[in-house]
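Reading through the structure tokens given below for one structure.
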Number of protein chains: 2
Amino acid sequence: MHKQGIRDVAQLAGVSISTVSRAFTRPDLVSPKTREKVMTAANQLDFNISRSATALKSGQTFRVALLMNQEVTSWFNAQVFAGLESVLHAQGYDISLFQHIDDAKNRESFFTDLPVLRNVDAVFVASFAIEPEEVDALRRTRVPIIGINTPNIDAFDASVCIDDEGGMFKAAQHMINLGHKRIVYTCSAPEESLVSSIDARGRGFVRACTAAAEKDPDLHWKVLSVPRGRDFADSALAAVLSEEEFPDAICCQMDMMAIPLMLKMQRHGYYTPRDYSIIGFDDANYADTVDLTTMRQDPYAMGASAARKGLALLHGEELKEAHSVIEPRLILRGTDARRNPDQPLVRG
Amino acid sequence: MHKQGIRDVAQLAGVSISTVSRAFTRPDLVSPKTREKVMTAANQLDFNISRSATALKSGQTFRVALLMNQEVTSWFNAQVFAGLESVLHAQGYDISLFQHIDDAKNRESFFTDLPVLRNVDAVFVASFAIEPEEVDALRRTRVPIIGINTPNIDAFDASVCIDDEGGMFKAAQHMINLGHKRIVYTCSAPEESLVSSIDARGRGFVRACTAAAEKDPDLHWKVLSVPRGRDFADSALAAVLSEEEFPDAICCQMDMMAIPLMLKMQRHGYYTPRDYSIIGFDDANYADTVDLTTMRQDPYAMGASAARKGLALLHGEELKEAHSVIEPRLILRGTDARRNPDQPLVRG
DNA sequence: TTGAAAGCGGTACCAA
DNA sequence: TTGGTACCGCTTTCAA
């Protein structure tokens, strides 16, 4: 039994191929009984409209590209992907995924070969900055380019970003307000090759602490930067434990840093909130389980929002708000406590 | 400036469109200097071969479907997706994702509308069983159907599964061998509508315990089943804590259950491995951080393997081994310890 | 090595 | 409301 095409259906139903096409795409233009005949025939022959043919004819590709750092499997990337998917799949779009764009080789080959040229209807960029010349390359696709948590937004037709700097400013301010005097910020060092959206968080921390330290000479703060990589949490743990004085508050660049840190700190005798306060960023997996106070962002919602903007753009609509900035929200849980000023700082 | 097509390139390069086509797809059939001319022209006009047109002409769709339970964002699903993606993307295939097939409505509409009919080159099914009539529906697509951790494999052209039952048998046996006498299995209850691959794990537990209890009358075991859903870990915690006697060993259906359990148990004064042993299943996120002894499976590798099988199948190749079963591996970490027979069981 | 031309499976305009 | 038909952009056979 051969593959059945639109003309087989037309023949079986005793109508023209135009009518078959309309029965699928504009059913309202076909009389009910004709439509019925067509659908019966189609069902009988296991026929369905070919997306490739529709795409070719329409000039659309029904495909978008998603560029990301590292793996899809990370919490942030998976959420963004799922958010995009939730609105795009329903509209008949596939997502063509380009992972590990932070790898210099991938990046180079992506932007020179530009496999997306004439092959996607929109490009989404998640959480890293693209260079001016890469922007130029992307522009050649002549499709909307939408940023999600991208450090610079001017290169994009639209964007959805959280206020990384403001969020970490709030987190640090919260620690300051609790009376903490020795505050550290643990983070993975920015990479020279790639500006990532989370690098702005450090600036928020520094800004809050600088301002507070001016008014309060007893307040000390420090940035503990460790290499990005598999074991960055262990590196951060080592960095904290080898400080001259144990901090009474830790601001973490992200929950994936904060959670291992607080868990492993226990093994060294430090308990939160008894001995120190700790605040994360993201409200990622297990943050609620370990009762971590953190700054919440919702990458799923950001992905969905970006997808809606992209869709609007490629339908030629004007966006009311092309660039959205979302404020992360302080989620108070159990790892922050007011410092008792009479109690000396704990030592290991 | 209008969109540039193959004939614009042909004209600019002073060749025919056939030559342009060949320059891209069969460069070896074109003389070097002609190819050079074509590529220069193509680059100048931002031209690239259209995947839609290639797809239409070739009869392939360059798209596969992936059906899954629940969200892509869960550890297992994200890993499987990434594994598939890692081999399929490189070969020019997109993945069309169908999530939440466990939802009765989605499931119904998917199998009756069958949107994948004539629109994918292969179908992958992750971690749930499909009904005989659903198999029939899928068969109408006339494309290879590949299972990943599917309870029944006979419906599939190929499959990659782990031995869920055998793995949990090993886990339980390990607890038994450590001398534990009150062993519980915590799990989320199977759903009536959907057979999931993890439901086999309970059988492995029961089999190991039944055999051991026959030889050792002091050995007691029990299955603690809680409703599937958002707070299944809290339900399991409650179930364990409200047992008449606190167990000395806990086998968990999955790490996502074991990790919250061991963490929250601490708040109630129970520490592992001091007071009880606990073993998970999956080796998922944070299992290493919390030092959880567990059974490892590698869904990323399974996805990649399934993808390779699917590709082979749709190229018409014979598979050496259509159905693979992978044994999960016991990863010994810090949450299991030999029970001291002289020490009475702890009480809360 | 290159070119001409027939389709792949639809869509949509124009006519009836 | 329905049918005829010219494409959409590429691949591929056949001929030159």
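Everything numeric in this text was worked out from a predicted model, so none of it was measured. Letters A, B, ... mirror the listed sequences (proteins, then strands); counts begin at 1.
- Using a 4.0 Å heavy-atom cutoff across all strands shown, B:Phe47 reaches sugar-phosphate atoms only and no base atom.
- Ion pairing between a basic and an acidic side chain is recognised when a charged N comes within 4.0 Å of a carboxylate O; B:Arg139 and B:Asp157 show such pairing.
- In this entry the distance linking CG of A:Asp28 with P of D:dT1 reads 9 Å, nearest Å.
- Between B:Gly303 and B:Ile148, the shortest heavy-atom distance links the atoms CA-CD1, 4.4 Å.
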Report summary line: With B for base contact, S for sugar-phosphate-only contact and - for none (protein heavy atoms under 4.0 Å), nucleotides 2-8 of chain C reads BBBB-BB

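- Residue B:Thr25 is in sugar-phosphate contact alone, with no base atom involved, counting any heavy-atom pair closer than 4.0 Å across all strands shown.
- Counting non-hydrogen atoms under 4.0 angstrom, B:Asn48 reaches the backbone sugars and phosphates but no base.
- Under the 30°/60° scheme for interplanar angles, the aromatic rings of A:Phe62 and A:Tyr93 are found to be tilted.
- When rounded to the nearest whole Å, the span between CZ of A:Arg26 and C1' of C:dT11 equals 11 Å.
- Here the side chains of A:Arg107 and A:Glu134 are in contact, with some heavy-atom distance below 4.5 Å.
- Within the 4.0 Å cut-off from OP1 or OP2 of D:dC10, at least one side-chain nitrogen or oxygen of A:Arg118 is found.
- The distance from atom CD of A:Gln11 to atom P of C:dG9 is 15 Å, rounded to the nearest whole Å.
- Judged by distance alone, the side chain of A:Thr61 and the main-chain N or O of A:Arg63 form a donor-acceptor pair under 3.5 Å.
- For C:dG9, the OP1/OP2 oxygens have no side-chain nitrogen or oxygen of A:Ser21 closer than 4.0 Å.
- Separating the CD atom of A:Gln60 from the C1' atom of D:dG9 is a distance of 16 Å, rounded to the nearest angstrom.
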Check residues 66-73 of chain A and write down every donor-acceptor pair under 3.5 Å in which the side-chain atom is one partner and the other belongs to a residue at least two apart or another chain.
| unit_1 | atom_1 | unit_2 | atom_2 | d |
| --- | --- | --- | --- | --- |
| A:Glu71 | OE2 | A:His100 | NE2 | 3.4 |

